[in-house]
Number of protein chains: 2
Amino acid sequence: MTVETRRRQIEDVASALFHENGYAATSIRDIARALDLQGASLYSHVSGKEDVLSAIVDRAAGRFEASLAEAEARADVDGSSAADRLAAIVRAHARLVAAEPELASVFVTEWRHLTGERRAAILARRDAYEARVRAVIADGMAAGQLAMTDVAVAAAFVLSAVNGIATWYSPAGRLSPDDLAERYADLTLRALTEDHR
Amino acid sequence: MTVETRRRQIEDVASALFHENGYAATSIRDIARALDLQGASLYSHVSGKEDVLSAIVDRAAGRFEASLAEAEARADVDGSSAADRLAAIVRAHARLVAAEPELASVFVTEWRHLTGERRAAILARRDAYEARVRAVIADGMAAGQLAMTDVAVAAAFVLSAVNGIATWYSPAGRLSPDDLAERYADLTLRALTEDHR
DNA sequence: CCTACCGATCGGTAGG
DNA sequence: CCTACCGATCGGTAGG
């Protein structure tokens with residue numbers, strides 16, 4: 001039983017089209033057609049094309065931030081090590097990308113079509129997110145749990161890998177988002193751990 | 001002393017613009033303006049917008065294929081192990097992406113705006129490239145040099161990581177393409193090796 | 001390589 | 001949510 005507002009329907013259809021063809025190659029009329037509407041009718045619900053993109057990107061950012069905060073909070077309660085925290089963060093991130101590849105890919109690749117303050121705001125949020133990942137990696141190195149390497153390079157390596165899931169993963173494949181996330185967390189820990197086990 | 005044909009100048013300017021704003025958001029007139037030409041004048045040198053994209057993507061594919069072949073040939077002569085081959089391949093790929101992020105990002109992300117046979121052809125070349133990477137990983141596992149994991153997942157993880165370099169790397173930064181490539185090869189081997197050292 | 005121009009499509013508005 | 005419509009811009013052609 002999905003009670004979706006028209007506004008939300010528009011965003012979902014737009015996410016799928018932006019994921020498939022990109023923001024610039026998707027017209028307002030493409031979005032309208034997918035909802036059996038006239039192009040002009042969309043403007044009863046949204047104030048412009050960039051407004052739709054902005055709403056999707058904002059919601060995606062919120063989802064990733066919540067997922068990160070939850071993973072960290074859980075690790076705090078457990079009193080986990082920095083390495084465990086990193087695994088939990090990567091697992092949560094990978095799971096979200098696999099579960100919602102359309103939302104994730106708009107967040108990861110289409111934000112650049114935002115302009116002005118909206119673009120600046122989303123960039124700041126991305127930076128903050130990535131900084132938290134770097135901080136956990138740095139903690140792990142300081143605690144001797146992770147191999148000493150360049151923190152920025154290690155974070156970029158891992159974040160590119162998990163974000164890339166959006167470009168190839170299909171929920172119809174043989175791996176569930178949970179399975180995939182587990183494997184990605186494992187590969188990440190191996191990559192950054194001094195010695196295994 | 002760079003003797004660049006006009007055709008090549010067009011492709012280089014287009015690569016930069018496609019990298020920056022994407023293919024769909026870049027107009028023929030944008031490309032022309034960057035060369036101090038009128039939009040219509042471009043058609044003396046190219047037969048259409050997609051023709052430009054196709055030429056860039058083809059050249060990029062050729063570069064990646066040559067880089068892969070060279071890395072494999074060198075490993076053959078050395079009689080290297082599968083793990084060494086994988087490291088050489090990742091190193092070569094990462095170096096190329098870092099050295100030419102504009103070319104690489106058009107190859108990695110903008111190919112989807114190709115249509116018909118050109119799209120099918122580039123997809124086939126990408127598939128072949130990725131299959132060779134998977135084969136080397138599988139060899140390494142069979143030889144006991146790499147940890148037994150899902151080959152497709154491991155390859156996707158690694159390829160996403162190295163391709164991601166195009167989205168953030170700046171040649172003006174503190175790491176040279178060679179330095180970065182070395183670190184990426186190292187992270188990859190760690191991720192896929194059973195036990196270190 | 002330019003000027004002049006084409007039909008199609010774009011994002012968006014007016015008014016109901 | 002629709003019809004009718006707007007100015008701007010798109011990829012591309014004709015003809016020189």
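Annotation: ring pair (Phe, Tyr, Trp, His ring centres under 6.0 Å) contacts of A/Tyr23 (sequence neighbours excluded): A/Phe18, A/His113. In this view, A/Tyr169 satisfies the ring pair (Phe, Tyr, Trp, His ring centres under 6.0 Å) rule with no residue, not counting sequence neighbours.
A/Val77 and A/Ile89 are members of different hydrophobic clusters when ILVMFWY side chains are connected at heavy-atom separations under 4.5 Å.
Residue-level contact check: B/Ser44 touches the bases, meaning some heavy atom is under 4.0 Å from a base atom.
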Can you give the dot-bracket line for DNA chain D, using ( ) for pairs inside the strand, [ ] for pairs that cross earlier ones, | for pairs with another strand and . for unpaired bases, where Watson-Crick and G-U count if both distances are under 3.5 Å?
||||||||||||||||
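Residues from residues 47-59 of chain B lying near DNA chain D, meaning a heavy-atom separation below 4.0 Å, are B/Gly48, B/Lys49 in numerical order.
Between A/Ser105 and A/Ala166, the shortest heavy-atom distance links the atoms CB-CB, 3.9 Å. Counting all heavy atoms, side chain and backbone alike, B/Leu37 lies closest to B/Arg6 at CD2-NH1, 4.1 Å.
Between B/Leu123 and B/Trp111, some side-chain heavy-atom pair lies under the 4.5 Å cut-off. Residues A/Val57 and A/Arg118 fail the side-chain proximity criterion, which asks for heavy atoms closer than 4.5 Å.
Taking 4.0 Å as the cutoff to heavy atoms of chain B, we find the contact window on DNA chain D bounded by D/dC10 to D/dT13.
Classification of the B/His93-B/Phe64 ring pair by plane angle, with boundaries at 30° and 60°, yields tilted.
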Less than 3.5 Å apart, which donor and acceptor atoms pair up between the side chains of residues 133-142 of chain A and the rest of the protein, not counting sequence neighbours?
none

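Under a cut-off of 6.0 angstrom, the local environment of CD in A/Glu65 is crowded, with over 12 non-hydrogen atoms contributed by other residues, nucleotides or ligands.
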